[in-house]
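Chain identifiers are assigned alphabetically (A, B, ...) following the order of the sequence lines, protein sequences preceding nucleic acid strands; residue numbering begins at 1 within each chain.
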Amino acid sequence: MALSTQPYKGARDFYPEDKRLQKYMFSVMRRIAEQYGYEEYDAPILEPIELYLAKTGEEIVNEQTYTFLDRGGRQVAIRPEMTPSVSRMVAGKRQELSYPLRWYSIPNLWRYERPQRGRLREHWQLNVDMFGVDNLLAEAEIIQVADGILKAVGATHDMYTIKINSRKLMDYIFKEYLQLDGVQTHTISKLIDRKEKMPHEAFVAEVDAVFTPMQREAGASNKLMGLLRTKTIEHMPEVIREQTAALEVYHLIHTLKQNHITNVKFDMGIMRGFDYYTGIVFEIFDEDPENNRSMLGGGRYDGLVGLFGVEPVPTVGFGFGDVTLENFMRGHNLMPTLRPETDVYVIVIGDVFNQAQKLVYEMREMGANVAIDLTGAKPDKQIKTAVKKGIHYVMFIGERDLAEEQYELKNLITGRAERHSAARIVSIIKDYREGD
RNA sequence: GCGGGUGUAGCUCAGCUGGUUAGAGCGUCUGUUUGUGGCACAGAAGGCCGUGAGUUCAAACCUCAUCACUCGCCCCA
């Protein structure tokens, strides 16, 4: 049985052309995060399993996390998300860090599940978090960063929608307004999450089944349906509208609109899976009908850092996966044309390799990325190699050229060729690289 | 965990209701005389038809099993 050449299920190989796309996406993420003053950090891919048991708090840990025993008999997990790790780091230096902290990272994460469109077992996810700010300016800024990244890859506001909700608001609605107990709240939340995926009648029936006869008597079902039909905070019943949580949602949306982010709206359906969220939660949805899904999500989680036995630190953050970003870009025709890292491929003609090599060395010192052909094959073969690699320039070095110190530089895209000194060639190449 | 789809050349696939030596396009390689690619022409390599068993005179094709990939669902990024 031959060894399989396929990558592990749910993981990807990145051939140079794939890696180039990933590098592009990461560079956009880094650029925007850093524009907003966020600093990059990192953490180990392995964590003790307790880190996740303590906070993610769900069975997700057991079912969807890669775990193993290390040689010392410790239960270890491959990180399925970054949030617990950052929280650990912040807690570890709680006293000496200067707040607000603006941090970001692009970790690769693993989760054990069956791969499907947009969800693999291994993916990379930009994590952007702000620690130490307990007011809405933090939420507003973090959403601006997310929005900024989408704009930076060429997206326009009609391509996606930012949906906002509040865990606190939902708590009030479930516990006070609808008088639900813990179990009911949980079931209803899950149902609301799935609302769009089922026929309306089925949804109504399932919701109805959750309520007790008394609650039904009191019209709980109608109240809930009424709320779900309400598309804006302003149109909510007054008791709800005057809750602090509701005012927060209102103000956040207002602030974002003032900052030219117009595609924001309130959506009660946004719940987020993790239990650690404590306030505002948000998700950004792709408006492409072929890919109408959440591609990014986050919110406020004020309790995590405190779990490490230090004073709590209010925190807002989001995660943005590379797979979802790529699907988004493909769906909206935002894929960039990417060039190889190599600027020029040197064609060696005749027995001049050593001299050519010396010249190439100097060109590299001057800042060009130069690959030299080592095969000694005929020029047409060498050119084909460059073409196939997608390199844009080819440079010919033969005896004549070395004698005259003038070399032919050919642009393989336009077919144009000119003769120049090596230094001039380097500057042409560099201009080209920095250009369009 | 549940359900659907697909496994034929490196890639994308065709192979009608089972019938001789299994096909195409693209790609790869060689050449069209050695300092210039994309085009054209000529040629070549490359397949135990995912694997195992069964039915049949005969299986890429039918049946069963198995593995892999894939898309949904559950769950949730």
Does a distance-only test, which skips hydrogens and angles, find a donor-acceptor pair under 3.5 Å between the side chain of Arg119(A) and the base of C76(B)?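 Looking at the base of C76(B), it does pair with a donor or acceptor on the side chain of Arg119(A) (distance under 3.5 Å).
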Base versus backbone protein contacts along nucleotides 30-42 of chain B [heavy-atom cut-off under 4.0 Å; B, S, -]: S---SBBBB----
Report the residues that fulfil ring-ring contact (aromatic ring centres under 6.0 Å, His included) with Tyr36(A), sequence neighbours left out, ordered by chain and then residue number. none
Could you give the distance separating C26(B) and A45(B) at their C1' atoms, to the nearest angstrom? 16 Å
Could you tell me how far C16(B) sits from A22(B) if I compare only their C1' atoms? Round to whole Å.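 Roughly 15 Å separates the two C1' atoms.
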Using the closest heavy atom to pick a nucleotide of RNA chain B for each, name whichever of Met295(A) or Lys9(A) lands nearer the 5' end. Lys9(A)
Nearest-nucleotide comparison on RNA chain B, the residue closer to the 5′ end among Glu113(A) and Tyr8(A):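 Nearest nucleotide further toward 5': that of Tyr8(A).
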Validate the cation-pi geometry between Lys410(A) and Phe396(A): distance from NZ or CZ to the six-membered ring centre under 6.0 Å, angle to the ring axis within 45°. no
Is [X] salt-bridged to [Y], going by a charged N under 4.0 Å from an acidic O?
X: Lys358(A); Y: Glu362(A); value: no
X: Asp322(A); Y: Arg12(A); value: yes
X: Asp401(A); Y: Arg419(A); value: yes
X: Lys151(A); Y: Asp147(A); value: yes
X: Asp267(A); Y: Lys265(A); value: no

So Glu341(A) and Lys23(A), salt bridge (charged side-chain N to carboxylate O under 4.0 Å, His left out) or not? Walk me through it. CA-CA 11 Å; Glu341(A) 294 75 7; Lys23(A) 281 165 75 177; 2.9 Å; yes
Quick one: which of G72(B), C75(B), A77(B) gets closest to the side chain of Ser294(A)? A77(B)
Residue set satisfying side-chain hydrogen bond (donor to acceptor under 3.5 Å, both in side chains) with Gln22(A), at least two apart, ordered chain then number -> Lys19(A)
Enumerate the ring-ring contact (aromatic ring centres under 6.0 Å, His included) contacts for residues 133-168 of chain A, please, sequence neighbours excluded, ordered by first and then second residue.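 Residue pairs with at least one partner in residues 133-168 of chain A: His157(A)-Tyr160(A).
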Do Ser85(A) and Glu47(A) have side-chain N/O donor and acceptor atoms under 3.5 Å apart? yes
Below 4.0 angstrom, which residues in residues 15-24 of chain A have at least one non-hydrogen atom near RNA chain B?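 Contacting residues: none.
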Dot-bracket, RNA chain B: Watson-Crick or G-U, under 3.5 angstrom, [ ] crossing, | other strand? (((((((..((((.....[...)))).(((((.......))))).....(((((..]....))))))))))))....
